[in-house]
Amino acid sequence: MTKRALVTGVTGQDGSYLTEFLLDKGYEVHGIIRRTTSFKNEWLDEIIDNQRYKDKPFFLHYGDMTDAQGLIRVMRKIKPTEVYNLGAQSHVRMSFDIPEYTGDVTGLGNLRLLDAILETGTETRFYQASSSEMFGKVQEIPQRETTPFYPRSPYACAKLFAYWSTVNYREAYHMHASNGILFNHESPRRGEAFVTRKITRALARILSGKQKELSLGNLDAKRDWGFAKDYVEAMWLMLQAPQPDDYVIATGETHSVKEFLTQAFELVGRDWEEYVKIDPNNFRRTEVDILIGDATKAREKLGWKPKCSFKELVYLMVREDLKREGLNPEKYMKGT
Ligand code: NAP
Ligand code: F7E
């Protein structure tokens, strides 16, 4: 039987890596994209232009997490065997500016998708992109599946609604629906407004003379940062498990924003303190001070573990942003 996956959020960091991962595994992949004025999406172009995926079954459909009828139509047309719900307004600081919209897309959007599965009688497995942000003001260190949630932003509140909707549909309708509680994961495809990519992109632009300073906020916040390519494999593993369940996916290490900065700037022999300016606009009303996950359950039940270290992650992000700026990494980076 053809394995047919439906991916929401296909244009994002995880959606694009997951698409490549599934195409390599022989899946037919269908992605939902929003109508936008510009056709361009860098990561989708990377897939479409890649010879490796040239003849692979990859299809795009217009849709939106706020449009229930549209989701039902796509579900009916595709009849996926696996659904990955990655579509979201995913920026935490911005969710304070657009809380209702974030709740609609990130929270209710997931419910609409679950309902579209029910409404169309689709026999499918379901993955919800839950988030470590749900732990917020952490009640336990490290955080595991049993740690109580304490959301600290409209984004985290919306993700909590989606998390419990997924658990409820699993119990009420016996759906194979799982939550991946993923801690921060980054890559050269990370959105430019998230702190890691903001740093590596600015560093490349500083070296090329296009940018003079880098405006940041809270440098003391600590995150458990992994590599996105490792994390999309965990999503897939959850849907191959005989029983649906909820899993923490994390590296088990935590690092501050300051450590990320130091690591990145040292790679090119620069001192970040000469470039970084602190701007209050980059702070959050309520911050998540520290995240560090315990992925023991995923290791024991799914056989999943992260492969890329923090140092390797910073290295590959800096390297890729230098290349995008037209700079030769061998010339600028130590140890290449
Ligand atoms: P991302 O790069 O911000 O991608 C978000 C995706 O959602 C984009 O494809 C975006 O499409 C789409 N989207 C936004 N609003 C939509 C709407 N109204 N209807 C349909 N699609 C919409 O996020 P990511 O880092 O890949 O993360 C993937 C998912 O995992 C998200 O749900 C995120 O909240 C969650 N998550 C991420 C992390 C992490 O560290 N990366 C950790 C835990 C959970 P456009 O291109 O049209 O904007
Ligand atoms: O912030 C601090 C900021 O925006 C990380 C999303 O994928 O992961 C992501 O959410 C930390 C925070 O990621 C700036 O205050 C300092 O403490 O890169 P971020 P996030 O908020 O952790 C979770 C797991 C998700 O689910 C989300 O979808 O860095 N920080 N200065 C800054 N952050 C940003 N963005 N910009 C700054 O200038």
Side-chain angles (χ1 to χ4, degrees), residues 7-19 31-36 38 40-44 62-67 70-71 84-95 98 101-102 104-110 112-113 127-136 152-153 155-156 158-159 162-163 179-187 189-199 202 214-228 231-232 235 248-250 255-258 260-261 276-291 293:
V7 180
T8 71
V10 70
T11 55
Q13 169 187 259
D14 292 5
S16 59
Y17 284 128
L18 180 66
T19 296
I32 291 186
I33 50 164
R34 296 196 277 176
R35 200 215 81 84
T36 47
S38 158
K40 226 177 143 40
N41 177 271
E42 226 177 324
W43 318 139
L44 283 190
Y62 284 112
D64 198 295
M65 299 309 295
T66 59
D67 174 11
L71 295 176
Y84 295 86
N85 182 29
L86 313 182
Q89 191 303 94
S90 71
H91 200 278
V92 176
R93 220 250 337 118
M94 282 174 205
S95 76
I98 44 170
Y101 177 75
T102 303
D104 195 4
V105 175
T106 307
L108 272 175
N110 171 74
R112 292 188 186 100
L113 200 54
Y127 173 85
Q128 164 56 14
S130 287
S131 166
S132 54
E133 280 294 299
M134 300 187 306
F135 294 121
R152 296 273 279 172
S153 63
Y155 168 79
K159 281 288 181 189
Y163 170 91
N179 281 291
I181 308 172
L182 271 52
F183 282 61
N184 298 53
H185 46 282
E186 321 292 310
S187 73
R189 291 185 187 172
R190 185 53 143 155
E192 289 160 11
F194 298 96
V195 76
T196 55
R197 184 75 204 294
K198 191 170 167 183
I199 292 170
L214 165 60
S215 143
L216 291 174
N218 179 12
L219 304 187
D220 296 322
K222 292 180 127 187
R223 290 290 182 274
D224 180 330
W225 275 301
F227 179 36
Y231 285 41
V232 298
M235 298 175 187
V248 159
I249 299 298
H255 297 275
S256 66
V257 174
K258 207 178 277 173
F260 192 102
L261 263 175
V276 170
K277 299 277 170 296
I278 301 301
D279 179 347
N281 288 322
N282 292 317
F283 282 80
R284 284 133 203 222
R285 288 178 173 275
T286 37
E287 174 66 287
V288 172
D289 297 322
I290 175 166
L291 288 173

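When reading the values below, keep in mind they use all heavy atoms of this one structure, side chains included, and skip hydrogens, waters and symmetry mates. Remember, it's 1-based here, ligands and their atoms both numbered in the order they're listed.
Within ligand 2, counting atoms from 1 as listed, the ones closer than 4.0 Å to a heavy atom of Glu287 are 3 (C), 12 (C), 15 (O), 17 (O). Atom numbering of ligand 2 starts at 1 in the shown order; those under 4.0 Å from a heavy atom of Ala221 are 17 (O). Within ligand 1, counting atoms from 1 as listed, the ones closer than 4.0 Å to a heavy atom of Gly87 are 7 (O). Close approach of ligand 2 to Asn218 (heavy-atom distance below 4.0 Å) involves ligand atoms 2 (C), 16 (C), 30 (N), 31 (N). Interface of Val105 with ligand 1, defined as ligand atoms under 4.0 Å from a residue heavy atom, comprises 15 (N), 16 (C), 17 (C), 18 (N). Using a 4.0 Å cut-off to heavy atoms of Ser90, the atoms of ligand 1 that qualify are 1 (P), 3 (O), 23 (O), 33 (C), 34 (O).
Inclusion of Arg190 in the set of residues having an N or O under 3.5 Å from an N or O of ligand 2 is warranted. Residue Asn184 has no nitrogen or oxygen atom sitting less than 3.5 Å from a nitrogen or oxygen atom of ligand 1, judged on distance alone. The N/O atoms of Asn184, backbone and side chain alike, include one that comes under 3.5 Å of an N/O atom in ligand 2. Between Leu182 and ligand 2, a contact under 3.5 Å exists for no N or O pair. For ligand 2, one of its N or O atoms has an N or O atom of Arg284 under 3.5 Å away.
For Ser130, the closest heavy-atom approach to ligand 1 falls below 4.0 Å. For the pair Lys198 and ligand 2, a heavy-atom separation below 4.0 Å is found.
Neither the backbone nor the side chain of Lys159 has any atom closer than 4.0 Å to an atom of ligand 2 (non-hydrogen atoms only). The backbone and the side chain of Leu216 each have at least one atom closer than 4.0 Å to an atom of ligand 2 (non-hydrogen atoms only). Counting heavy atoms closer than 4.0 Å to ligand 1, residue Glu133 contributes nothing at all. In Tyr62, neither the side chain nor the backbone holds a heavy atom less than 4.0 Å from any atom of ligand 1. The part of Arg34 lying near ligand 1 is the side chain, judged by heavy-atom distances below 4.0 Å. The proximity of Ala88 to ligand 2, defined as any non-hydrogen pair under 4.0 Å, does not occur for either the backbone or the side chain.
Nearest-residue assignment for atom 38 (C) of ligand 1 (options Gln128, His185, Arg223; heavy-atom criterion): His185.
Between Tyr17 and Phe227, the ring planes are perpendicular. Angles over 60° get that label, and only those under 30° would be called parallel.
In this structure, a donor-acceptor pair under 3.5 Å is absent between the side chains of Gln89 and Thr106.
Checked against Thr8 for a side-chain hydrogen bond (donor to acceptor under 3.5 Å, both in side chains), the options Asp64, Asn85, Asn110 give a single hit: Asn85.
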